[in-house]
Amino acid sequence: MPREYRTIQEVAGPLMLVCGVENVAYDELGEIELANGEVRRCKVLEINGSDALVQLFENAAGINMSNSKVRFLGRSMELGVSEDMLGRVFDGMGRPIDDGPKILPDARRDINGLAMNPAARSYPEEFIQTGISAIDGLNTLVRGQKLPIFSASGLPHANLAAQIARQAKVLGTDENFAVVFAAMGITFEESSFFIESFKETGAIDRTVLFVNLANDPAIERISTPRVALTAAEYLAFDKDMHVLVILTDITNYADALREVSAARKEVPGRRGYPGYMYTDLATIYERAGRQKGKSGSITMIPILTMPEDDKTHPIPDLTGYITEGQIILSRELYRKGITPPIDVLPSLSRLKDKGIGVGKTRADHANTMNQLFSAYARGKDAKELMVILGEAALTDIDLLYAKFADAFEKEYISQGYNADRSIEETLDIGWKLLSMLPRSELKRINDKFIDAYYKG
């Protein structure tokens, strides 16, 4: 039987102090019943003797301290999970917002999940085709990996996220593939864009959407990724699906964390973010992966906007430590009209070597990837030199590399948001571009592949 208290002492912003409580635990869920019968939800943030500090999920307006009741429910926040969630849209707390019926849950799961035993993890090594050349060809995504996208204000990460969610697939298998899409602190326009984009292409049927809007409470923003990952864990490890989790925007999540931390008067860390932000982000990111003995998996693409385009800012900095690489979007490429504007040289997928090659993509993949990186880097250097010294100062081969760099951006990286390229198409475009260079320049490719594919 839930315990009821009428001992609210203080309400300050999203926090409330309840005195004289017994046997109440950290993270326990509570309900506040107002005098008019309205019920709001809260959770316990801190226990000090018989005092409980609770955080409200909704706003504090209208809470009368003398005649409002607080009930503690004896459990932490749970999500009712079921396969019927596919094709549905929920808010950040897991309540349906698409005018559809309520979900009849197969099970109820704690949204904080259970830590995955490191010894029970399988190594990520299966190629996921996103249909985007700059990712598939150069910074390959592997099943069970965490590969974030570092964007910046005003760059089209929403279009890229929607494209990956629509197009991603595991090749050569007929296994179930699902997408769990969680949006935190986004505008109503962005929310409509994602929902319509999935509906138009039919991708909504294999997608579960969790949408937390910018005007929703900050505390809900903190629960959104955990609710989404709870649904993903159920689909992956109970229903044997390959689940791609896309979280956007982690920056809004971290800002909500900072807001709550400030309300609790905690000592701030770097840039005002709480000192435990690394640990907190790790509790989200580390829920991705594969488990031994289970055929399902969770692959994660967190998206974050780097404040002031600064990749040393705490949010991208800590994210880079926990995840296996990063895809970086470039403002310079965006201004040139390259879509998606993926800056391939500083981007990195640390597991790409594990997901390419014979039986996964194609035997020539690793060689061509290295040669394209090398040629593009040299072409960019040549272009910078051209700006300083003029075209006349460049050798013929440097001019050829500069031409290659331009063609590479226009034909390989830029493909628009509707093109879904197979890995063979991506590799063939790479060979077409490499054929602009003399055969003697292809020092990173085995001769047998040059004989088979070079068209120079």
Side-chain angles (χ1 to χ4, degrees), residues 2-18 21 24-47 51-65 68-81 89-98 102-103 105 108-113 182-186 188 191 209-231 247 252-266 274 280 283-284:
R3 308 168 299 282
E4 278 193 359
Y5 299 94
R6 289 177 181 266
T7 50
I8 301 172
Q9 284 296 301
E10 194 182 339
V11 179
L15 304 181
M16 192 171 79
L17 185 66
V18 186
V21 301
V24 172
Y26 169 74
D27 218 27
E28 189 172 331
L29 208 57
E31 289 179 344
I32 302 146
E33 190 180 321
L34 308 192
N36 62 2
E38 184 190 341
V39 174
R40 294 184 194 169
R41 294 200 293 175
C42 62
K43 75 167 186 174
V44 178
L45 280 186
E46 209 172 289
I47 299 289
D51 294 350
L53 184 69
V54 302
Q55 175 150 11
L56 305 165
F57 286 119
E58 292 94 355
N59 64 17
I63 294 180
N64 183 326
M65 290 194 283
S68 295
K69 291 185 287 197
V70 183
R71 276 191 296 276
F72 292 103
L73 305 180
R75 58 180 171 82
S76 54
M77 194 174 155
E78 294 175 336
L79 176 72
V81 288
V89 185
F90 302 88
D91 68 5
M93 306 285 279
R95 295 172 294 222
I97 51 170
D98 55 2
K102 275 190 168 179
I103 296 291
R108 301 195 71 83
R109 297 279 162 84
D110 186 325
I111 66 161
N112 297 302
M184 293 157 277
I186 62 168
F188 184 75
S191 162
L209 279 101
F210 293 90
V211 178
N212 164 268
L213 297 176
N215 63 344
D216 288 332
I219 184 71
E220 189 177 299
R221 209 153 300 151
I222 292 173
S223 70
T224 306
R226 292 180 168 82
V227 167
L229 281 159
T230 305
L247 306 173
N252 293 338
Y253 170 84
D255 286 345
L257 205 62
R258 178 167 66 175
E259 190 181 318
V260 171
S261 173
R264 290 170 68 174
K265 297 186 171 59
E266 291 173 340
D280 192 278
T283 60
I284 295 174

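One-based numbering along the sequence shown. Side chains included, hydrogens not; waters and symmetry mates left out as well; all remaining heavy atoms used. Remember, predicted model here, so these are calculated numbers, not experimental data.
- When every heavy atom of Val44 is checked against every heavy atom of Val24, the shortest pair comes out as CG2-CG1, 3.6 Å.
- Phe210 contributes atom CZ, which lies 9.5 Å from atom CG of Leu229 (distance to the nearest 0.5 angstrom).
- Using a 4.0 Å cut-off between a side-chain N of Lys or Arg and a carboxylate O of Asp or Glu, Glu58 and Arg40 do not qualify as a salt bridge.
- The heavy-atom pair separating Leu79 from Gly94 by the smallest distance is CD1-CA, 3.9 Å.
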* To do: Test Ile103 against Phe90 for side chain to side chain contact (heavy atoms under 4.5 Å, CB included), laying out the working first.
  => CA-CA 10 Å; Ile103 296 291; Phe90 302 88; 3.7 Å; yes
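- Atom CG of Asp91 sits about 12.5 Å away from atom CG of Leu209, to the nearest 0.5 Å.
- Side-chain contact between Leu17 and Asp51: present, with at least one pair of heavy atoms (C-beta onward) separated by less than 4.5 Å.
- With hydrogens and angles ignored, the 3.5 Å screen pairs a side-chain donor or acceptor of Ser223 with a backbone N or O of Gly92.
- Of all heavy-atom pairs between Ala183 and Ile186, the closest is CB-CD1, 3.4 Å.
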* Asked: Passes side-chain hydrogen bond (donor to acceptor under 3.5 Å, both in side chains), Asp27 versus Ser76? Steps please.
  -> CA-CA 6 Å; Asp27 218 27; Ser76 54; 5.0 Å; no
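- At a threshold of 4.5 Å between non-hydrogen side-chain atoms, the residues Leu257 and Glu259 do not count as touching.
- Remark: the backbone N or O of Gly185 is paired with a side-chain donor or acceptor of Asn252 at under 3.5 angstrom.
- Between Glu220 and Arg41 there is no salt bridge, since no side-chain nitrogen of the basic residue lies less than 4.0 Å from a carboxylate oxygen of the acidic one.
- A salt bridge links Arg226 with Asp280: the closest approach of a Lys/Arg side-chain nitrogen to an acidic carboxylate oxygen falls below 4.0 angstrom.
- Heavy atoms only, all atoms of each residue included: Pro274 and Arg258 are closest at CD-CA, 4.0 Å.
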* **Steps toward side chain to side chain contact (heavy atoms under 4.5 Å, CB included) verdict (Glu10, Ile8)** => CA-CA 6 Å; Glu10 194 182 339; Ile8 301 172; over 6 Å; no
* To do: Under the side chain to side chain contact (heavy atoms under 4.5 Å, CB included) rule, what do Val211 and Leu213 come out as? Steps first, then yes or no, please.
  => CA-CA 6 Å; Val211 178; Leu213 297 176; 3.8 Å; yes
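- One finds the CD1 atom of Ile219 at 9.0 Å from the CG atom of Leu56 (value rounded to the nearest 0.5 Å).
- For the atom pair Arg264 CZ and Gln55 CD, the distance stands at 7.5 Å (nearest 0.5 Å).
- Minimum heavy-atom separation, Ala52 to Val21: CB-CG2, 3.9 Å.
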* Should Asn215 and Phe188 be marked as a side chain to side chain contact (heavy atoms under 4.5 Å, CB included) after you check the CA-CA gap, both sets of side-chain angles, and the distance that decides it? -> CA-CA 9 Å; Asn215 63 344; Phe188 184 75; over 6 Å; no
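- Residue Met93 holds its CE atom at 10.0 Å from CG of Asn212, rounded to the nearest 0.5 Å.
- In plain terms, the two heavy atoms of Leu15 and Ala263 that are nearest each other are CD1-O, 3.1 Å.
- Here the side chain of Glu33 pairs no donor or acceptor atom with the backbone of Val39 at under 3.5 angstrom.
- Between Ile284 and Tyr253 there is a side-chain heavy-atom pair separated by less than 4.5 Å.
- Looking at Arg221, its side chain does come within 3.5 Å of a backbone N or O of Ala214 through a donor-acceptor pair.
- Once rounded to the nearest 0.5 Å, the distance linking CG of Leu34 with CG of Asn64 reads 9.0 Å.
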